[in-house]
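Input: a single structure, listed below in structure tokens.
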Amino acid sequence: MTSGLSPEQVNAFHRDGFVFPVDVLTSEEVASILARLKQVEGADPDAFGGVKRNNAHLAYDFFDQIVHHPRIADAVADLIGPDILALSTVVFAKDGRSPSFVSWHQDGRYTALSEDVAVTAWVALTPSTVENGCMRMAPGTHLGAYLDHNDTFATDNILTRGQSIESIDETTAVDVLLQPGQMSLHNWKVAHASGPNRTEERRIGFAVQAYIPPTIRQLEGRGFVQVVRGVDRHGHMEHIPRVGSSGSSAALKTRDRINAQWLDQLYDGAANRRSI
Ligand SMILES: O=C(O)CCC(=O)C(=O)O
């Protein structure tokens with residue numbers, strides 16, 4: 001498996017706002033992560049449900065290892081440089097026959113950053129196909145201003161506010177097809193969505209939203225980060241230590257503390273709040 005991105009992949013990312021597939025995890029790594037995930041969900045079926053789908057890397061070492069994986073860092077370094085911070089993460093799991101979907105949105109719409117250079121990595125732990133609700137990207141939408149989002153709070157919409165962009169030309173959308181262990185990288189300003197899972201099998205992806213250079217400031221609220229590579233010479237964000245004892249009550253408490261503050265920021269100005 002080679003590391004880093006080719007010049008063509010770097011060009012595609014800057015032109016379209018995304019690039020895939022990038023090979024990052026071996027089949028052994030994927031199998032081990034899925035086994036650990038199953039173990040945790042065996043003890044608590046809701047371990048990654050509701051708000052707990054956010055920032056699981058602060059509580060469980062197998063997700064922490066994805067965030068800090070050297071092959072992911074090599075690829076991200078080709079896009080944002082050698083100093084890399086990770087902001088937050090989301091476990092995007094859609095059960096077989098699940099109506100859950102993600103409406104068209106831009107990741108950065110509700111977390112204003114001082115520079116548009118944040119990169120989301122979406123790592124496939126199972127195949128990601130049209131049938132099971134892979135992501136769809138709207139090429140080039142990272143190049144303009146942020147698009148208008150309506151808060152729908154739709155029941156099956158996975159997004160916090162059910163925020164939705166209505167003006168996407170779906171005829172140009174690109175399906176992000178991935179095999180387990182591959183990832184896509186997208187500029188967190190590019191518009192994307194995903195449909196329901198029409199298969200019997202669960203579809204699982206783990207997203208780091210986002211990798212950023214330390215020069216970035218969060219314009220509202222506080223950002224919580226971990227250094228993935230290099231150094232943070234700027235100190236604009238609060239540093240959170242990597243998980244110690246995986247799944248311990250201390251680790252879960254750290255995750256819950258960060259999620260509570262992060263949700264307050266995400267819902268800032270919203271008319272409603274989901275009861276999760
Ligand atoms: O996993 C999905 O279906 C959607 C993921 C997504 O919207 C994201 O990673 O920003």
Side-chain angles (χ1 to χ4, degrees), residues 1 3 20-76 84 86-98 100 120-129 132-135 158 178-185 194 197 199-211 224-229 240-259 262 276:
M1 202 182 285
S3 227
F20 70 94
V22 182
D23 293 326
V24 280
L25 303 180
T26 64
S27 50
E28 290 77 20
E29 286 172 316
V30 172
S32 158
I33 293 164
L34 287 175
R36 297 284 308 283
L37 179 74
K38 200 170 162 191
Q39 198 180 33
V40 172
E41 289 186 321
D44 173 8
D46 194 38
F48 305 108
V51 71
K52 288 184 284 188
R53 69 167 66 96
N54 300 292
N55 292 316
H57 69 295
L58 300 179
Y60 297 99
D61 57 0
F62 50 98
F63 284 134
D64 167 87
Q65 281 153 20
I66 299 181
V67 172
H68 294 269
H69 200 290
R71 261 192 300 274
I72 298 181
D74 285 344
V76 172
I84 301 172
L87 258 177
S88 64
T89 63
V90 188
V91 179
F92 281 109
K94 289 179 186 165
D95 290 338
R97 299 281 158 204
S98 162
S100 296
T120 296
W122 196 100
V123 181
L125 298 175
T126 62
S128 192
T129 65
N132 71 13
C134 66
M135 278 196 295
I158 298 178
L178 297 171
Q179 288 302 313
Q182 294 183 326
M183 71 170 175
S184 57
L185 295 168
S194 73
N197 183 354
T199 72
E200 300 299 328
E201 305 300 323
R202 198 177 190 200
R203 191 225 67 175
I204 310 173
F206 179 74
V208 182
Q209 286 181 338
Y211 289 108
F224 303 95
V225 291
Q226 291 182 334
V227 175
V228 169
R229 182 169 284 179
I240 305 297
R242 290 180 69 175
V243 59
S245 176
S246 187
S248 64
S249 56
L252 297 176
K253 242 169 127 174
T254 302
R255 177 203 61 190
D256 293 345
R257 176 175 73 84
I258 302 304
N259 278 349
W262 171 83
I276 45 175

Considering all heavy atoms, the nearest G133-S194 contact:
O-CB, 3.5 Å
Give the minimum heavy-atom separation between R242 and D64, together with the two atoms involved.
NH2-OD2, 2.6 Å
Are the side chains of [X] and [Y] in touch, meaning some heavy atoms are under 4.5 Å apart?
X    : Y    : answer
F63  : V91  : yes
Y211 : I72  : yes
Y60  : V243 : no
C134 : T129 : no
V208 : M183 : no
R53  : I158 : yes

Distance-only polar pair, side chains of S248 and K253, donor-acceptor under 3.5 Å:
no
Have H68 and Q226 got a donor and an acceptor in their side chains that come within less than 3.5 Å?
yes
Atom [atom1] of [X] and atom [atom2] of [Y]: how far apart are they, to the nearest 0.5 Å?
X    : Y    : atom1 : atom2 : answer
R255 : L252 : CZ    : CG    : 5.0 Å
W122 : Q182 : CH2   : CD    : 11.0 Å
T120 : L185 : OG1   : CG    : 9.0 Å
T254 : L58  : OG1   : CG    : 7.0 Å
F224 : I258 : CZ    : CD1   : 4.5 Å
F62  : L37  : CZ    : CG    : 5.5 Å

Taking 4.0 angstrom as the limit, do [X] and [Y] come out as a salt bridge?
X   : Y    : answer
R36 : D61  : yes
E41 : R202 : yes
D95 : R203 : no

Under the rule for side chain to side chain contact (heavy atoms under 4.5 Å, CB included), what residues qualify as partners of V30, not counting sequence neighbours?
L25, L34, P180
Taken in chain and number order and not counting sequence neighbours, the residues that satisfy side chain to side chain contact (heavy atoms under 4.5 Å, CB included) with T26 are M1, E28, E29, R71
Look at the side chain of [X] and the backbone N and O of [Y], then say whether any donor-acceptor pair between them is shorter than 3.5 Å.
X    : Y    : answer
N132 : P127 : yes
K94  : I204 : no
N259 : N54  : yes
S88  : Q209 : yes

S184: partners by side chain to side chain donor-acceptor pair (under 3.5 Å), with sequence neighbours left out
none
Please lay out, stage by stage, how F206 and F92 fare under the test ring pair (Phe, Tyr, Trp, His ring centres under 6.0 Å).
CA-CA 6 Å; F206 179 74; F92 281 109; 9.4 Å; no
Decide yes or no on side-chain contact (heavy atoms from CB on, under 4.5 Å) for D74 and R229, but give the supporting numbers first.
CA-CA 9 Å; D74 285 344; R229 182 169 284 179; 2.7 Å; yes
